[in-house]
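Heads up: the structure comes next, in structure tokens.
Everything numeric here is computed off the predicted structure, so don't read it as measured data. Order of the sequence lines fixes the chain letters, A, B, ..., with proteins taken first and strands second; residue numbering starts at 1 for each chain.
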Amino acid sequence: NAGVTQTPKFQVLKTGQSMTLQCAQDMNHEYMSWYRQDPGMGLRLIHYSVGAGITDQGEVPNGYNVSRSTTEDFPLRLLSAAPSQTSVYFCAGGRGTEAFFGQGTRLTVV
Amino acid sequence: EDKVVQSPLSLVVHEGDTVTLNCSYEVTNFRSLLWYKQEKKAPTFLFMLTSSGIEKKSGRLSSILDKKELFSILNITATQTGDSAVYLCAFTSGTYKYIFGTGTRLKVLA
């Protein structure tokens, strides 16, 4: 039972490149979400999903896409990376009680 | 717009002091309020509060919710250097969205 697993842990991208951050959970969470954390900004919600096939936008969705084809996986896609997307990204899952977090991905866009 | 405001933004105390961290919220469909502790990596869960006036305790940490006045406090007694962290407050709405505040950075000096 690994909980919520994020990959990669670190990534450096060039401006304009695309990539996918992976998130997988084995706790049967209905709810999954992606946050970004910048200094002094707390955790800001990018996108979330309340079940397979259902996704919705959070506070800062621009420049990111998500899909939820299975309950277990919730990948985050950066379509054309920009320096403003340099941040630490966290995936989280839950069932209406506490959210369980992955270990984070530190992304740098140069 | 749903939001969470935490205060103070940062706090420096000495070991043995007692601290009170504040969290106020505005939400259209409140479900629960959660507290997390974040050290170097992912946030770890502390408490979930759903009912007014009922204190939750775990060792030297305690928390209470006031749904009428829309706030919660987190108390830490007899602080230790290991309590140094960012403390995050979040609420969940009816759709299980978790909305976080910016956090309070606590530093405990030996």
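- The heavy-atom pair separating A:G104 from A:Q6 by the smallest distance is N-OE1, 3.1 Å.
- The greatest number of non-hydrogen atom pairs below 4.5 Å with chain A, out of B:T50, B:T102, B:V4, B:V86, is found for B:T102.
- The residue among A:E59, A:Q37, A:R106, A:R44 with the most heavy atom pairs within less than 4.5 Å of chain B is A:Q37.
- Of the N and O atoms on the side chains of B:Y87 and B:R105, not one donor lies less than 3.5 Å from an acceptor on the other residue.
- When the candidates B:P43, B:S10, B:A90 are compared by the number of heavy-atom contacts under 4.5 Å with chain A, B:P43 comes out ahead.
- Of the N and O atoms on the side chains of A:D38 and A:S87, at least one donor lies less than 3.5 Å from an acceptor on the other residue.
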Practice item. Check the pair B:S32 / B:T92 against side-chain hydrogen bond (donor to acceptor under 3.5 Å, both in side chains), numbers first and verdict last. Key: CA-CA 5 Å; B:S32 62; B:T92 63; 2.7 Å; yes
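- Of the two parts of B:Y36, only the side chain, counted from C-beta on, holds a non-hydrogen atom closer than 4.5 Å to a non-hydrogen atom of chain A.
- Of all heavy-atom pairs spanning B:Q38 and B:A85, the tightest one is O-CB, 3.4 Å.
- For A:L43, the parts lying near chain B are the backbone and the side chain together; criterion is any non-hydrogen pair under 4.5 Å.
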